[in-house]
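Notes to accompany the following structure.
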Amino acid sequence: MEKILARKVVEAVKSLYNVDIEESLVQISDTRKDFTGDYTLVVFPLLRFSKKSPELTAGDIGGYLRENCADVREYNVIKGFLNIVISSAWWYSFFKDMASQKELFARAVAAKPGTIMVEYSSPNTNKPLHLGHIRNNLLGYSLCKILEACGHKVIKTNIVNDRGIHICKSMLAWQKKGNGETPESSGMKGDHLVGKYYVVFEQELKLQVAELKEKGLSEEEARNEAPLMKEAREMLLKWEAGDRETIELWKTMNSWVYAGFDETYRLLGVEFDKIYYESETYMFGKDIVLDALKNNILYQKEDSSIWVDLTEEGLDNKLLLRSDGTAVYMTQDIGTAVLRHQEYGFDKCIYVVGNEQNYHFQVLKSVLQKIGYPWSEGLHHFSYGMVELPEGKMKSREGTVVDADDLIAEMKDSAKKVSLELGKLTGFSGEEKEDLYDKLGLGALKYFILKVDPKKNMLFNPAESIDFNGNTGPFIQYTYARIKSVFRKAETEGIDNDIELPSVLDIGDKEISLIKLLGRFPATISEASETLSPALVANYCYDLAKEYNQFYHDMSILGEPDVNVRAFRLKLSGYTASVLKAGVGLLGMEMPERM
RNA sequence: GGUCCCAUAGUUCAAUGGAUAGAACGAAGGUUUCCUAAACCUUAGAUUCAGGUUCGAUUCCUGGUGGGACUACCA
């Protein structure tokens, strides 16, 4: 409709003022809630053609539209805004068209679908996942769903940072203090067990550092000189040299961690098509770096460390291989990127990684460009904001991290508590109840995280539990469950919920508002895919649920005596339910049939 | 020091350069013989400051203040 109106406005300007204008000058938006109308034309940009006041210009165009556009029923002018009212008959037939289409995402499909690789999660194997990883995983997974809905071929991928000095720290501490403890012997989840030894290492190191500082060393010197740190570095060297004992221990402890991660991923409902391991890609990265050195793209210092000079690109000098020949994070990221492109030939590769690594990804892209990979143009850092606590950033060293598994368990618990208090679960089996708590608890968590603009930092206050009322996931789920309940009742009362709608039907304002919102679904999805923002989808779903609840409150559906009107309201409700389910599905949320 | 990001009701979040800045939680009040009250409806309550561009600025530009991130032979 916007398109038709815009064209008509161009026509109106031509006819009224005898000027040809670009359609892009025509600004048509949805009319704000407190004004009468469906669409609003902002006339300010057209004043230089009409050479009249905003009010008169708006009046001219409004008059033209009413005369020449059958579906424009009336208009009103407030300041420079022309509010256009579309006939309810048009809205009704618009809805009929929309509801008869099978494919909900059809109108959201991108003009040029491509192959897009999305990397998310990217955990280190020295400690369990925390709330920051939850945001990462939910954003990454949702992004994949949204891109798929828009017709792209998406490869969900993960890079597991399974090697490096941090792993050695856990390994070393376990060797020294572990007494052979295993997940089985301790009953601890594997990733938590390994995390425990990482903490042990940091504590012991802290003592050694304090001791050295008393002898007059600086913080940095002390950390470097501490015996534990030296041992950890030696271990890394042994690991890279393929020392059997070290590799065995590494494999064992990593397998514990993977079992733990798999469990957390399962709970969160995220998955991957292809998992890369840094231990398998870093050598490849090393080769690329050494090759580039031969080709004089990089340079080597006297201590034999290898660097790239990116000062021309406005960046700094960056280390790519340490003087002892071991790889750094950047080395493996170079290798992984090249490997991925060889294997999948992506058009785009999106890295879902926190904004604290903005610099890292600038460097990565520049290095790849410098080495000569034209496809590096398609690398994109999806930089999302940190999750902060009231006292600031989460710090694992200070034990202020919110553990992912704990939080998920708490959410399910809260869901259970709230559900039992409301006491609506008569007729649910034990299994159905557990399933519901899952859907609601995770729904609340996922919506809480995803409704926030990904670019922004967000705050999580552990003291205040995540809500189940108001602007929340369960609110949307509740709306859906209510609609399903109406359909169940229709069935038991023998009401046919799928009769052919009449070609003409008089419908009300509440219904039109709902239709308008429903019509905006595809555009919301494509915008979310273009701006990489699941938050747009989340907020849309909330708006739609809110609008439907008003409709549900004000209008009777099954109690409506007119069979045609009743059928229309049922269809409107059913379609709303489909859109809500599809919408939150893009956020990785599931809908309960009853709650 | 350098580079970058952020600042909106008491709180957590919204707002393609457009009208009277939206929600939710919290506060005060109301709605149930009626399809699920995890709902609906009232009321009170906000753009960090100073300039600039513009017919029009929460949005763009400059500066101040406040907060955060990065600037490792960590990841």
Side-chain angles (χ1 to χ4, degrees), chain A residues 27 29 31-35 40 42-45 47-48 54 78-81 83 122 124 126 161 164-167 169 220 223-224 233 278 301 303 305-307 314-316 318-324 326-330 332-333 354-360 362 383 385-386 388 392-393 415 418-419 421-422 424 440 444 448 451-453 455-461 464 466-479 481-490 493 527 531 535-536 539 542-543 545-546 549-550 552-560 569-570 573 594-595:
Chain A
Q27 277 183 46
S29 53
T31 301
R32 293 182 53 135
K33 265 243 142 75
D34 357 326
F35 298 92
T40 294
V42 185
V43 299
F44 293 107
L47 298 184
R48 57 192 166 108
I78 296 167
K79 297 189 198 165
F81 300 90
N83 298 319
S122 317
N124 294 342
N126 63 331
N161 298 304
I165 192 81
H166 51 292
I167 320 291
K169 290 177 181 175
E220 202 187 327
R223 276 190 76 86
N224 277 328
R233 277 199 299 268
E278 184 180 326
K301 288 192 178 172
D303 63 5
S305 57
I306 300 175
W307 297 71
L315 301 166
D316 239 325
K318 182 79 190 174
L319 175 95
L320 296 181
L321 273 184
R322 292 193 185 98
S323 48
D324 63 9
T326 57
V328 290
Y329 183 45
M330 188 64 74
Q332 72 79 21
D333 248 354
N355 61 16
E356 55 193 353
Q357 293 191 35
N358 285 352
Y359 184 71
H360 172 82
Q362 277 180 39
S383 162
M386 301 286 99
E388 284 167 356
K393 205 186 167 185
V418 173
S419 298
E421 267 169 21
L422 289 168
K424 293 185 187 176
L440 294 182
F448 176 81
K451 74 169 181 187
V452 182
D453 181 345
K455 289 197 288 290
K456 291 189 178 171
N457 288 356
M458 63 177 291
L459 190 120
F460 173 78
N461 187 349
E464 298 167 11
I466 294 174
D467 231 308
F468 286 75
N469 294 320
N471 187 354
T472 67
F475 173 90
I476 301 168
Q477 291 169 317
Y478 174 69
T479 310
R482 261 177 151 186
I483 297 174
K484 289 292 149 178
S485 173
V486 172
F487 277 86
R488 277 192 300 274
K489 185 162 184 195
E493 291 187 0
E527 197 184 344
T531 59
L536 296 179
N539 288 316
Y542 173 71
D543 288 343
K546 178 102 188 136
N549 277 327
Q550 286 169 13
Y552 180 93
H553 182 265
D554 295 351
M555 305 284 189
S556 183
I557 301 167
L558 299 179
E560 168 60 42
R569 287 184 187 161
L570 267 170
S573 299
R594 288 187 294 162
M595 65 187 272

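The sequence lines fix the lettering, A, B, ..., with proteins before strands; numbering per chain opens at 1. Keep in mind that the numbers below use all heavy atoms, side chains included, and drop hydrogens, waters and symmetry copies. As the structure is a prediction and not an experimental result, all values here were calculated from the model.
Between Arg233(A) and C74(B) there is no side-chain N or O to OP1 or OP2 distance below 4.0 Å. At C35(B), none of the side-chain N or O atoms of Lys484(A) fall inside 4.0 Å of OP1 or OP2 (strictly under the cut-off).
Along RNA chain B, the nucleotide nearest to Tyr552(A) and the one nearest to Asn161(A) differ in position, and the one closer to the 5' end is contacted by Tyr552(A). Looking at which nucleotide of RNA chain B each of Asn358(A) and Pro474(A) is closest to, the 5′-most match is held by Asn358(A).
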Contact pattern, 5' to 3', of nucleotides 11-19 of chain B - B, S or - by protein heavy atom under 4.0 Å: -SSS---BB
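A straight line from CD of Gln357(A) to P of C5(B) spans 18 Å, rounded to a whole angstrom. Rounded to an integer number of Å, the gap from Asn224(A) CG to C74(B) C1' is 11 Å. For the pair Asn469(A) CG and A27(B) P, the interatomic distance rounds to 12 Å; values are reported in whole Å. Distance, Leu440(A) CG to A39(B) P: 12 Å, rounded to whole Å.
U33(B) and A21(B) have their P atoms separated by 37 Å, given to the nearest Å.
Val328(A) comes within contact range of the sugar-phosphate backbone alone, with a heavy-atom separation under 4.0 Å but no base atom that close. Counting any heavy atom pair closer than 4.0 Å across all strands shown, Lys546(A) reaches sugar-phosphate atoms only and no base atom. At a threshold of 4.0 angstrom between heavy atoms, the contacts of Ile165(A) are confined to the sugar-phosphate backbone, with no base atom among them. Nucleic acid contact for Tyr329(A): base, since at least one base atom lies under 4.0 Å from a heavy atom of the residue. Within the 4.0 angstrom heavy-atom criterion, no nucleotide atom of any strand lies near Ser383(A).
Residues passing the side-chain hydrogen bond (donor to acceptor under 3.5 Å, both in side chains) test with Asn161(A) are Asn124(A), sequence neighbours excluded.
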